[in-house]
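One structure below.
Throughout, protein chains are lettered first and strands after them, A, B, ... in sequence-line order, and every chain is numbered starting at 1. Quick caveat, the model's predicted, so the values are computed rather than measured.
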Amino acid sequence: MDLRGRIVRAALGRPRVLAAVSAGATERRLAVEAELARRGWPCAAAPAEADLLVVAADPGPGTAGAGTADWVARLWEAMPAPRARVPLADAGEAAAVLDHGLAELRRRGGARHGGGHRGGHAPAPPAGSPDSPQDPDGPHAGHDSGLVDGLPLAGRADDRDGLRLDRLHLPLGPALPDWPAGLVLRVALQGDVVQRAAVEADPPGPGRLPFWNEPWLRAAAGERVARGEAARRLCAAHLDSLGRFFAVTGWPDLAARARYARDRALGGAGAAELSALVRPLTRRARGSRTLRWLTAGVGVLPAGRARSLGVAGDAHGRMLGWLDAVARAASACDDGAPLAADPAVGPRGPVHGPVPASRALLDALPGLLEGAEFACARIVVASLDPDLDELARAPLPGAAHG
Amino acid sequence: MAEHPPSWAVFALPVLLAAVALVTAGADALLAAGARAGPARSPREAAARAAAPARGVLRELVRQPRRTRAADVALVRVGAALLPVAAMLAGVVLPLGFRSVSDLPEGVVWYNAMEALAWAAVWLAGWGPNSALSLIGGYRFLAQGLAYEVPHMLAITTAALGAESLRVGGVVDAQSGLWFAVWMPAAFGIHLLSALAMAFWGPFDRPAGRDVAGGAAAELSGVDRILLLGGRWLLLVVAAAMSVPLFLGGGHGPLLPGWAWTVVKTAAVLAFLLWARRRVPALRMERWTEAAWVVLTPLAVVQALVVAVVVLHR
């Protein structure tokens with residue numbers, strides 16, 4: 001093989017993978033993340049650094065289906081060549097799909113260098129992530145009605161201190177790293193302060209059980225589910241949330257450890273191994289005064305509201321709540337006794353409440369985000385970590401339960 | 001004690017700094033992979049993990065540079081290229097043992113001036129792509145600069161004051177007995193913190209944080225990305241290495257030759273920083289600035305005052 005081919009081969013040997021995940025695809029996301037970690041392939045934070053796009057997105061119901069295709073297409077357009085894109089339809093195929101993606105990427109990388117072809121520049125900004133500086137639908141205060149390259153200039157509005165500053169309208173999500181799948185926040189930003197936020201939740205396609213609630217839903221349908229299985233799922237769900245929380249607060253080491261423990265929990269590790277993985281994590285997160293100083297008092301909910309949501313008052317408290325639940329669940333995941341159908345309380349709250357627990361969490365978001373600095377806004381979202389899979393209330397086949 | 005360096009040193013410096021940066025990044029990647037996927041099962045796997053940054057450089061070299069809509073490409077290019085250049089220029093006054101490429105009479109000021117170019121570099125790279133998240137990364141670095149720069153300048157001034165010389169070689173000579181880190185610990189600590197902050201790395205990585213999808217680097221690919229992110233590692237290496245002549249006695253030490261002591265001490269400082277970053281979450285400027293101005297700045301002033309009094313009565 002010639003030298004250039006070898007360089008391309010070595011360079012693309014472990015591609016950076018961006019996963020486009022819609023609501024309802026949690027199991028596939030977890031499978032991809034676990035497989036990437038096993039192979040040592042990095043996860044991309046933005047399309048600019050991605051080589052391989054793994055699409056785990058269902059066409060949503062009705063018009064939202066077109067929306068899904070749209071944001072995935074914009075992510076794809078924003079990726080520089082050489083690039084490859086593979087769909088993932090089933091969690092079990094993650095390894096095969098990544099292999100296929102790698103082969104495709106190498107083929108394209110080789111072709112590009114062999115032929116000396118140089119593609120055009122990424123023309124359009126991707127949805128939600130990095131560059132859509134302007135939301136064309138958003139109201140623009142002020143009267144700066146210029147266009148630059150077809151994009152409107154930022155309008156102006158009063159900021160929280162009464163200064164007139166540029167205001168950007170942009171969507172956050174659905175493709176931000178460490179972000180709940182399917183969530184789009186339409187925000188008005190001044191500098192890096194969120195002025196207003198509106199939640200737009202893309203519900204998952206029909207027919208998929210919310211992955212994190214599965215054991216309780218199945219038990220409610222009359223199936224025999226071991227308590228240990230539910231504990232394992234709960235443990236993994238909270239570790240997943242903790243992974244996002246630590247990643248967003250900028251503690252990649254703890255995020256990586258939480259995700260490793262999560263993958264082991266879902267991979268069938270025993271209670272002893274899980275507890276041994278979880279213990280140092282809990283100790284470090286609890287013991288960190290810096291983390292307390294940085295996250296206490298962020299995203300404060302009034303006591304009554306917090307109680308009705310079943311979460312603690314601020315971001316730090318919510319993290320402590322997850323840590324407690326994870327430690328308890330880790331030690332209980334070998335329990336073979338059958339899970340009682342009632343009360344069915346999943347990771348986010350009651351599984352059969354009149355309103356999905358995550359819907360209530362989403363409703364709490366806009367109020368908490370107003371006036372928050374961007375990093376705080378990310379922490380607020382991560383500390384509530386709504387699971388949009390819950391928004392599909394697909395009835396179980398054969399279940400009379402409602 | 002300063003001797004003139006051979007002329008090839010000018011060319012050796014960038015190569016050496018880049019090599020140290022690559023090794024440091026490799027060690028960091030090894031630690032990160034260990035946390036995510038458990039300990040490496042074979043030496044081969046460990047080597048593959050440590051090679052991740054080198055592979056990343058190759059990867060960006062075969063990739064197409066990318067441009068966002070209505071981007072100011074010139075600003076992005078200048079910003080990205082400025083960072084490694086600033087780090088290399090700052091490295092000119094770094095002594096290996098007792099020789100540096102150029103032991104300028106006001107080397108300490110030169111180091112500070114070059115390192116301050118990072119402000120412009122990150123801001124330009126953040127502003128240029130016309131992207132909200134990248135812009136937030138740029139804002140964040142300016143806020144970070146406001147928090148770290150004043151204590152940082154006071155800390156390096158303190159070292160120069162203790163040596164009564166702005167020449168880095170002079171500062172090293174003044175530590176043939178007692179290291180400055182011993183009798184000006186606050187200045188040393190502040191210098192290490194600001195080394196992290198100026199390289200926007202570790203607990204100060206928010207300008208390129210994952211929560212803003214890479215911040216100032218969010219839209220970069222190809223060579224621009226290598227320059228900005230590589231420049232960041234270079235800046236970290238130079239700032240960490242600078243704490244050796246300023247506070248840790250430079251090439252002074254028993255038995256080993258001067259250059260070996262410099263290497264050992266620099267490696268120790270970098271290892272400490274790599275370890276420390278895994279122990280703490282990232283500091284948000286919205287909270288840290290208060291600590292920097294209310295605690296660190298007065299502390300640095302008091303430290304400088306103490307050193308000034310000692311020097312006057314020597």
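With respect to chain A, the highest number of heavy-atom pairs below 4.5 Å among Val280(B), Leu58(B), Leu220(B), Val57(B) belongs to Val280(B). Most heavy-atom pairs under 4.5 Å with chain A: of the set Gly34(B), Ala37(B), Ala35(B), this distinction falls to Ala35(B). Looking only at heavy-atom pairs under 4.5 Å with chain B, the residue among Gly40(A), Gly191(A), Ala382(A) that has the most is Gly191(A). No other option in Gly209(B), Gly202(B), Gly38(B) has as many heavy-atom pairs under 4.5 Å with chain A as Gly38(B).
Applying the salt bridge (Lys or Arg N to Asp or Glu O under 4.0 Å) test to every pair with at least one member in residues 18-36 of chain B, sequence neighbours left out, gives these pairs: Asp263(A)-Arg36(B), Asp28(B)-Arg277(B), Asp28(B)-Arg278(B).
Heavy atoms only, all atoms of each residue included: Val62(B) and Ala11(A) are closest at CG2-CB, 4.2 Å. Across Ala32(B) and Ala256(A), no two heavy atoms sit closer than the pair O-CB, 4.5 Å. Of all heavy-atom pairs between Ala213(B) and Ala46(A), the closest is O-CB, 3.6 Å. For the residue pair Ser221(B) and Ala48(A), the shortest heavy atom distance occurs at CB-O, 3.4 Å.
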### Message
Would Val298(A) and Arg287(B) count as a side chain to side chain contact (heavy atoms under 4.5 Å, CB included) here? Give the steps.
### Response
CA-CA 11 Å; Val298(A) 172; Arg287(B) 299 216 169 171; 3.5 Å; yes
### Query
Yes or no on side chain to side chain contact (heavy atoms under 4.5 Å, CB included) for Leu133(B) and Leu176(A), after CA distance, side-chain angles and deciding distance?
CA-CA 10 Å; Leu133(B) 295 187; Leu176(A) 273 176; 3.7 Å; yes
### Task
Any chance you could lay out the side chain to side chain contact (heavy atoms under 4.5 Å, CB included) test for Ile136(B) and Leu189(A), step after step, and finish with the verdict?
CA-CA 10 Å; Ile136(B) 290 176; Leu189(A) 271 185; 3.9 Å; yes
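One finds the CZ atom of Arg279(B) at 11.0 Å from the OG1 atom of Thr290(A) (value rounded to the nearest 0.5 Å). The OG1 atom of Thr249(A) sits 7.5 Å away from the CZ atom of Arg206(B) when rounded to the nearest 0.5 Å. Here the CE atom belonging to Met285(B) is positioned 10.0 Å from the CD atom belonging to Glu373(A), to the nearest 0.5 angstrom. Atoms CG and CG, from Asp178(A) and Asp211(B) in turn, are 8.5 Å apart once rounded to the nearest 0.5 Å. Going from atom CZ of Arg59(B) over to atom CZ of Arg16(A) covers 5.0 Å, rounded to the nearest 0.5 Å.
Both the backbone and the side chain of Arg259(A) come within less than 4.5 Å of a heavy atom in chain B. Contacts of Arg378(A) with chain B are made by side-chain atoms alone, with heavy-atom separations under 4.5 Å and no backbone atom involved. In this structure, the portions of Ala48(B) lying under 4.5 Å from any heavy atom of chain A include both its backbone and its side chain. Using a 4.5 Å cut-off between heavy atoms, Trp293(A) contacts chain B through both its backbone and its side chain. Within the 4.5 angstrom heavy-atom criterion, only side-chain atoms of Arg262(A), from C-beta onward, approach chain B. Ala291(B) touches chain A through its side chain: at least one heavy atom from C-beta onward sits under 4.5 Å away, while N, CA, C and O do not. Looking at Ala50(A), only its backbone comes within 4.5 Å of chain B, counting heavy atoms on both sides. At a 4.5 Å heavy-atom cutoff, the contact between Ala44(A) and chain B is made by backbone atoms alone. Neither the backbone nor the side chain of Leu254(A) comes within contact range of chain B, judged by heavy atoms closer than 4.5 Å.
Glu290(B) CD: 12 or fewer foreign heavy atoms inside a 6.0 Å radius. Counting heavy-atom neighbours within 6.0 Å of Trp41(A) CH2, excluding the residue itself, gives a total above 12.
The side chain to side chain contact (heavy atoms under 4.5 Å, CB included) check on Leu22(B) picks up Pro53(B), Ala54(B), with sequence neighbours excluded.
The pair Glu49(A)-Arg210(B) does not meet the salt-bridge criterion, since no charged nitrogen lies less than 4.0 angstrom from a carboxylate oxygen.
Under a 3.5 Å cut-off, the side chain of Arg63(B) and the backbone N or O of Arg83(A) do not form any donor-acceptor pair.
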